[in-house]
Amino acid sequence: MYKMNGAQVIIKILERYGIDIIAGIPGGSNLPLYDALSQSTTIRHILARHEQGAGFIAQGIARSSGKPAVCFATSGPGATNILTAIADAKLDSIPIICITGQVPQAMIGTDAFQEVDTYGMSIPITKHNFLVRTAKEILTVIPDAFRIATEGRPGPVLIDIPKDVQLELVEFDNWPEVPRRPILKSYKDKDIQQAATMINAADRPILYLGGGIIHANASGAATRLAEKNALPVTMTLLGLGSMPSDHPLTLGMLGMHAARYTNLAIEECDLLIVAGARFDDRATGKISEFCPAANVIHIDIDPGEIDKLRTAHVKLVGDVGMILDELLPFVKQRKRNEWLTRIKTLRDEHPFLSPGAHDPLMPYGLIRQIADIVDDSAIIATDVGKHQMWVAQAYPFRRPRQLLTSGGLGTMGFGLPAAIGASLAHPQRTVVCFSGDGSILMNIQELATAVEQKVNLKLVILNNTSLGLVRQQQDLFFGKRYFACEYQNHVDFVTIAKGFGMKAFDLSESVTPVAALRQAILAEGPCLIHVPIKRNEEVYPIVPPGASNKEMIGGEKNAAN
Amino acid sequence: MPPIEPVKLSPAPDKPNKAVLELTVNNHPGVMSHICSLFSHRVYNMDGILCMPVKDGQMSKIWIRINGNGQLEQIVKQLQKLEDVHAVRYHNAGHEIFIALEDSFKVI
Ligand SMILES: Cc1ncc(C[n+]2csc(CCOP(=O)(O)OP(=O)(O)O)c2C)c(N)n1
């Protein structure tokens with residue numbers, strides 16, 4: 001028989017589920033939880049400097065490890081601050097569990113101090129949420145939260161726990177286990193055979209991999225299928241790393257900032273095999289003009305994604321790795337000389353251009369240079385903007401979970417805290433975060449956390465003194481009427497970092513930038529590397545928002561852009 | 001290639017885009033919010049909703065009348081994904097549940 005208060009039950013169950021890091025910030029309504037956490041010998045608390053930071057630290061742990069991660073916030077402003085990180089996890093299907101304190105039940109609904117309707121506000125941005133009303137319920141709610149966050153399509157779960165419930169004593173006989181339900185599978189053998197027949201009959205198939213491949217640990221299965229049938233492979237932003245970027249069948253990322261030949265090749269396909277991807281508009285461009293002639297095989301764990309935006313000829317709902325492996329024996333060994341030759345021609349005629357690739361003070365050159373310094377075990381995080389797209393285009397991703405980036409929500413401020421989380425989960429690895437001077441300011445307070453936790457994190461700021469991606473869109477689509485995107489006040493990031501107690505330097509001031517970069521990246525501990533770049537370094541090609549993927553601007557061979 | 005066959009709802013809809021759904025859900029104070037939030041977030045149209053506890057209050061039954069431009073299958077799939085939803089049954093638009101209530105909804 002166990003007897004303890006609700007807060008102690010929560011911490012004990014989290015320990016039993018192997019949680020060893022929790023990021024958060026305490027406040028009035030979660031103090032019992034913090035008091036219980038202070039007694040834990042196995043959980044390390046990471047004190048963030050803003051609850052959004054705590055949420056993204058949890059995401060960094062979850063994205064880099066594939067395991068669920070936990071964050072804490074107090075009621076009211078603590079809860080509202082963390083919501084962005086939860087919404088971000090929802091759109092990218094990341095398993096995080098957020099536990100918020102709430103005012104005591106007797107005060108709920110009275111506009112009490114620091115009371116907000118956390119439950120109501122989090123419904124549309126969580127996979128599921130709970131408002132716990134008795135301490136006894138904690139024994140089922142926490143295990144359910146772990147199950148829901150990780151089963152099927154992963155996602156965030158929020159648990160709102162009033163202070164009186166945290167303090168209520170509860171007696172129980174046994175610790176709960178994590179409930180498991182059988183994996184959803186709603187396809188038949190004949191569907192697998194039909195898919196295989198279509199793949200075997202196709203002349204110009206494309207395998208289109210999304211973040212689901214990474215969540216399902218299915219990159220091996222995808223690679224086996226692609227290699228057996230000689231399927232050219234494209235990946236979404238979140239799918240990058242499912243197949244090595246230097247694999248002969250890899251076409252790189254598709255969509256808004258794809259290489260020209262990639263979008264052109266996809267346009268010519270007669271069969272799209274979509275696995276763990278959801279036809280996001282950044283990937284497909286104008287959906288009605290996305291490979292209109294192609295047949296579609298759609299594989300996903302979420303039945304709601306099938307036929308949502310594009311009707312599929314064969315619909316396979318279930319674990320994507322299992323399905324790809326089931327397909328394998330029915331798919332013929334092929335060489336596809338004609339199709340691969342056609343793709344090679346497209347690649348020669350419309351290659352990916354990376355101007356400045358040999359200059360470490362230019363975006364592509366900097367990214368290439370850093371990739372040369374670290375090995376594939378390094379974790380690469382990005383913020384949101386042009387720098388994110390340059391990294392997605394040019395960094396040679398070679399393994400799943402190597403890239404951490406905010407895809408669906410595109411949240412500026414994601415990079416630094418997510419990189420801290422990844423580093424905490426993988427202390428032996430180097431973590432590099434590419435950020436912009438706009439994005440970094442959105443969670444710059446987490447530099448304090450990085451220094452305090454001594455994470456091995458290299459923060460590379462590409463400073464174009466502007467909200468670069470916004471400026472580029474105004475340049476191209478709003479008649480160069482630059483507005484609200486060029487900073488007048490130039491922040492001294494090196495001094496700021498030093499104020500946080502972090503090593504920092506300006507790469508442009510180094511006479512031997514490559515050597516300086518190498519030395520900084522190979523040294524242990526956190527370091528900020530400031531790299532001034534021109535405002536008009538742009539990301540090309542670009543598909544105008546809402547346009548078809550054929551309508552790429554820029555990035556043309558033999559044309560200056 | 002054979003033409004794409006849409007997922008079959010049974011019975012087949014008697015009126016295009018209109019139907020009545022019968023949901024069995026966990027009964028707790030937030031469950032209606034979850035259902036309504038799904039409809040507003042995904043811009044699905046419902047023009048009637050009824051909810052009553054069943055089974056000693058452990059569960060509730062929710063009836064929803066929908067008016068959804070070709071969205072029926074998506075609505076059903078998304079409802080089935082909700083943690084609190086145990087079952088979704090599909091009925092034709094002419095189902096008696098809302099018809100029987102017509103007298104209560106007369107505007108005088
Ligand atoms: C929280 C948030 N606010 C606004 C935006 C819109 N937005 C997208 S990219 C961008 C500019 C990013 O600037 P910076 O981080 O300096 O990167 P750059 O594009 O210059 O590389 C903005 C404002 C966003 N994605 N996220």
Side-chain angles (χ1 to χ4, degrees), chain A residues 87 90 105 108-109 117-133 137 140-141 144-145 147-149 151-153 155 157-158 160 181 184 186 194 197-198 201-202 270-271 293-298 300-315 317, chain B residues 1-10 12-13 17 21 23 25-46 49 51 53 57-60 62 64 66 68-90:
Chain A
K90 175 78 187 309
Q105 288 184 87
I108 292 184
D117 178 12
T118 308
Y119 181 84
M121 287 191 301
S122 56
I123 289 174
I125 56 165
T126 50
K127 188 170 170 195
H128 191 59
N129 63 355
F130 297 92
L131 173 55
V132 184
R133 293 184 165 76
E137 272 174 53
T140 54
V141 164
D144 273 339
R147 170 182 60 77
I148 295 164
E151 87 180 351
R153 180 177 182 172
V157 177
L158 181 137
D160 199 29
R181 288 203 301 216
L184 178 73
S186 69
Q194 195 193 346
T197 308
M198 281 171 78
D270 63 353
L271 174 67
N295 290 317
V296 174
I297 299 171
H298 197 171
D300 205 285
I301 190 100
D302 181 353
E305 292 303 341
I306 311 290
D307 298 339
K308 183 181 83 177
L309 291 163
R310 175 76 185 255
T311 311
H313 296 78
V314 180
K315 313 162 205 285
V317 176
Chain B
M1 248 311 92
I4 295 173
E5 283 185 49
V7 177
K8 287 192 196 72
L9 288 166
S10 83
N17 303 333
L21 298 180
L23 277 53
V25 301
N26 289 331
N27 178 21
H28 66 81
V31 67
M32 286 282 278
S33 301
H34 274 265
I35 307 284
C36 294
S37 166
L38 174 71
F39 273 75
S40 72
H41 157 212
R42 298 215 178 255
V43 237
Y44 298 151
N45 284 325
M46 71 159 91
I49 183 163
C51 178
Q58 285 287 303
M59 311 278 262
S60 287
I62 298 181
I64 298 173
I66 54 181
N69 303 321
Q71 297 170 321
L72 292 186
E73 288 160 35
Q74 264 297 321
I75 295 177
V76 172
K77 284 189 200 173
Q78 294 295 345
L79 283 168
Q80 282 171 333
K81 276 167 58 175
L82 294 180
E83 187 61 27
D84 285 325
V85 173
H86 291 266
V88 181
R89 290 179 61 199
Y90 171 84

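Letters A, B, ... mirror the listed sequences (proteins, then strands); counts begin at 1.
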(message) Heavy atom to heavy atom, less than 4.5 Å: which residues from residues 125-133 of chain A reach chain B?
(response) A:H128, A:N129, A:R133
(request) Using a heavy-atom cutoff of under 4.5 Å, enumerate the residues of residues 25-35 of chain B that contact chain A, numbered in order, or state 'none'. (result) B:H28, B:P29, B:G30, B:S33, B:H34
(message) If the condition is salt bridge (Lys or Arg N to Asp or Glu O under 4.0 Å), which residues does A:K308 pass it with, not counting sequence neighbours?
(response) A:E305
(message) Between B:Q74 (side chain only) and A:G304 (backbone N and O only), is there a donor and an acceptor less than 3.5 Å apart?
(response) yes
(message) Does B:K77 form a side-chain contact (heavy atoms from CB on, under 4.5 Å) with A:D302? I'd like the steps, not just the answer.
(response) CA-CA 9 Å; B:K77 284 189 200 173; A:D302 181 353; over 6 Å; no
(message) Is there a side-chain contact (heavy atoms from CB on, under 4.5 Å) between A:I123 and B:H41? Walk through the geometry before answering.
(response) CA-CA 10 Å; A:I123 289 174; B:H41 157 212; over 6 Å; no
(message) Quick check for you: among B:K81, B:Q78, B:Q80, which has the greatest number of heavy-atom pairs under 4.5 Å with chain A?
(response) B:K81
(message) Which residues pass the salt bridge (Lys or Arg N to Asp or Glu O under 4.0 Å) test with B:R89, not counting sequence neighbours?
(response) B:E22
